[in-house]
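First comes the structure, then the notes that go with it.
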Amino acid sequence: MKECHTMLDPKLLRTDLETVVSQLARKGVTFDCDHYLQLEAERKRLQVESESLANQRKEGSKQIGQLMQSGNTAEAEVIKRTMTQLGADMAAAEAAFATTSEALEEMLLHLPNLPHASVPDGSGEEQNVVVSTVGTAPQFGFDVRDHVALGELHRGIDFERASRLSGSRFAVLQDGFARLHRALAHYMLDLHTSAHGYHETTVPYLVDATVLQGTGQLPKFKEDLFRIPESDGGGRERYLIPTAEVPLTNLFRDSIVDAHTLPVQLVAHTPCFRAEAGSYGRDVRGMFRQHQFDKVELVWITHPEASWDALEQLRQHAEAVLHGLGLHYRVLNLCGGDLGFSAAKTYDLEVWLPGQQQFREISSCSNCTDFQARRMQARMREGQGKPELVHTLNGSGVAIGRCLIAVVENYQQADGSIVIPEVLVPYMGTERLIPSGVGAA
RNA sequence: GGAGAGGUGGCCGAGUGGUCGAAGGCGCAGCACUGGAAAUGCUGUAUAGGGGCAACUCUAUCGAGGGUUCGAAUCCCUCCCUCUCCGCCA
């Protein structure tokens with residue numbers, strides 16, 4: 001029978017429905033048990049029925065073959081006639097089974113991953129728990145400018161011309177700001193590859209629907225994605241990636257890797273595309289929330305027993321970026337209600353933005369346990385053992401556009417110039433950005 | 001874009017309607033042989049799902065989907081992918 005791609009372990013659902021229901025509730029999801037149980041009972045009945053009919057047909061066909069070979073065609077004809085009816089019954093049973101399986105799968109594909117025990121209870125971001133706060137907010141003896149004002153002053157960010165090209169939520173960077181953007185990406189990639197052991201990877205920015213289903217963006221979050229219809233690109237529907245997590249993690253779809261090769265750590269710098277449906281009016285000022293932004297993404301593929309340790313390392317790697325830049329930030333342990341669809345646990349890194357006088361998200365590090373692996377059929381094998389689902393993790397290391405905002409706002413001076421953090425100086429070729437019109441240094 | 005070739009198990013590779021989950025080889029594992037090893041011999045060696053307390057058993061899978069047939073790796077249709085040559089192109 002056709003394999004069923006669920007998100008949660010179907011065996012857990014069958015054997016411990018109560019746990020599933022109570023854990024889903026922590027994520028704010030209500031599970032329709034009655035409907036599930038009814039579909040599941042029907043699935044079982046229809047599967048047994050259609051498989052038994054298939055078996056009868058197989059036996060019958062085998063008999064016919066034997067009779068034909070011994071020249072007993074008359075008797076073969078008799079059986080053939082009964083087989084015709086059997087075949088019809090089987091087709092009907094299989095069709096009913098397929099319908100029920102699809103309904104079941106549709107229901108289960110919309111269920112999110114279950115939260116880990118260390119995830120705090122809560123329904124929204126107010127209940128996220130601050131794990132640590134690093135550094136202190138810089139004190140300014142003048143009125144701080146936000147990145148929009150700084151961008152204007154430096155002629156480094158041009159929202160107006162960007163919107164003329166593409167509408168709202170796009171930006172054009174130039175000169176020092178463009179260079180800073182590139183420097184940040186370069187710095188992050190170098191840090192992760194040389195100090196943290198990641199393999200630098202480049203990936204396609206356009207992917208199939210199945211790939212997005214693997215990491216959990218589909219079917220539930222279609223409205224967040226930019227879609228290229230099949231009529232446009234080579235007769236195949238594709239989506240712009242909302243994060244490099246999608247292609248990176250899916251590199252392991254439908255494969256069984258040797259346990260010795262784990263963990264695999266990948267890093268990629270890519271643009272990310274998000275429709276931002278449902279965020280109208282939110283963060284409209286500036287380049288904090290864009291339809292297109294660059295990000296350096298970290299992905300781990302681990303042994304199922306190693307993922308919780310890996311999450312802590314992943315978080316440290318993301319933190320190292322901010323720490324290296326000397327930015328003030330804090331780490332949150334997201335509560336159940338604020339967890340993403342695929343995540344069992346997530347740490348958010350929030351950086352201090354003087355322009356907004358608040359902490360804002362700049363990285364999100366999640367352990368997706370076997371949730372994505374099950375959808376992707378990404379497995380590993382230990383010795384001669386059975387294949388087992390791997391665990392997958394991802395984290396921003398970090399969002400480049402937001403990081404640029406943080407750097408310019410935190411390192412601004414009274415005269416509007418921007419001191420370049422030491423780690424970026426080699427990439428920038430200067431220690432300070434001077435606004436045009438203020439005079440050269 | 002034009003022309004051609006091809007997609008079979010971890011790998012190579014047979015198989016054009018019947019008992020084929022699929023010969024043979026390689027690789028791998030166990031056993032035998034050996035002082036130990038090589039060589040050799042024997043045995044075993046896919047994945048997924050279902051039923052069953054279990055022993056076990058059933059179903060599906062030869063790129064994907066549909067069709068013909070009592071029965072499809074094998075015949076027909078559609079699609080996808082890979083390779084070679086030509087054209088175009090960063």
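Scope of the values below: all heavy atoms of this structure, side chains included, with no hydrogens, waters or symmetry mates. Proteins come first, then strands; the chains are lettered A, B, ... in the order of their sequence lines, and each starts at number 1.
For A/L67 and B/G17, the CG to P distance is 20 Å, given to the nearest whole Å. Distance, A/R43 CZ to B/A60 P: 16 Å, rounded to whole Å. Between A/H260 atom NE2 and B/G10 atom P there is a gap of 20 Å when expressed in whole angstrom units. As rounded to whole Å, 16 Å separates atom P of B/G71 from atom NZ of A/K62. The CZ-C1' distance, from A/R57 to B/C58, rounds to 14 Å in whole Å. A/Q56 places its CD atom 11 Å from the P atom of B/U59, with the value rounded to the nearest Å. Remark: P of B/G52 and CD of A/E51 are 12 Å apart, rounded to the nearest angstrom. Residue A/E77 contributes atom CD, which lies 13 Å from atom P of B/G71 at whole-angstrom precision.
OP1 or OP2 of B/U19 has not a single side-chain nitrogen or oxygen of A/K58 nearer than 4.0 Å. For the pair A/R45 and B/G51, the criterion of a side-chain N or O lying under 4.0 Å from OP1 or OP2 is not met. OP1 or OP2 of B/G50 lies within a sub-4.0 Å distance of a side-chain N or O belonging to A/R14. Contact annotation: A/R379 does not reach the phosphate of B/U47 (side-chain N/O to OP1 or OP2, under 4.0 Å). Close to B/U59, at under 4.0 Å from its OP1 or OP2, lies a side-chain N or O of A/N55.
Comparing B/U84 with B/U74, their C1' atoms sit 27 Å apart, to the nearest whole Å. For the C1' atom pair drawn from B/A38 and B/A23, the interatomic distance equals 29 Å after rounding to whole Å. Here the separation of B/G21 from B/U61, taken at their P atoms, is 10 Å to the nearest Å. Here the separation of B/G71 from B/A14, taken at their C1' atoms, is 23 Å to the nearest Å.
The listed nucleotides are B/G50, B/U19, B/C70; the one nearest the side chain of A/K80 is B/C70. Checked against B/U59, B/G49, B/G51, the side chain of A/K44 finds its nearest nucleotide in B/G51. Comparing B/A60, B/C58, B/G71 by their nearest atom to the side chain of A/A54 picks out B/A60. Minimum atom distance to the side chain of A/Q66 is reached by B/U19, of the listed B/C70, B/U19, B/C58.
With a 6.0 Å cutoff to the six-membered ring centre and a 45° limit on the axis angle, A/R43 does not count as a cation-pi contact of A/F97. Taking the ring axis of A/Y427 as reference, the NZ or CZ atom of A/R182 does not stay both within 45° of it and closer than 6.0 Å to the ring centre.
Between A/W308 and A/H391, a ring centre-to-centre spacing not shorter than 6.0 Å is recorded. Centroid-to-centroid, the aromatic rings of A/Y239 and A/F273 stay 6.0 Å apart or farther. The distance between the ring centers of A/F226 and A/H291 falls below 6.0 angstrom.
Classified by interplanar angle (parallel below 30°, tilted 30° to 60°, perpendicular above 60°), the ring pair A/F177/A/H154 is tilted. Ring geometry for A/H317 against A/H196 counts as parallel: the plane angle stays under 30°, on a 0 to 90° scale with 60° as the upper cut.
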So what does the secondary structure string of RNA chain B come out as, 5' to 3', with Watson-Crick or wobble pairs under 3.5 angstrom, [ ] for crossing and | for pairs with another strand?
((((((((.[[[..)..(.....]]]((((((.......))))))((((((....)))))).[[[[[..)....]]]]])))))))....
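Heavy atoms from other residues, nucleotides or ligands lying under 6.0 Å from CD of A/E431 number 12 at most.
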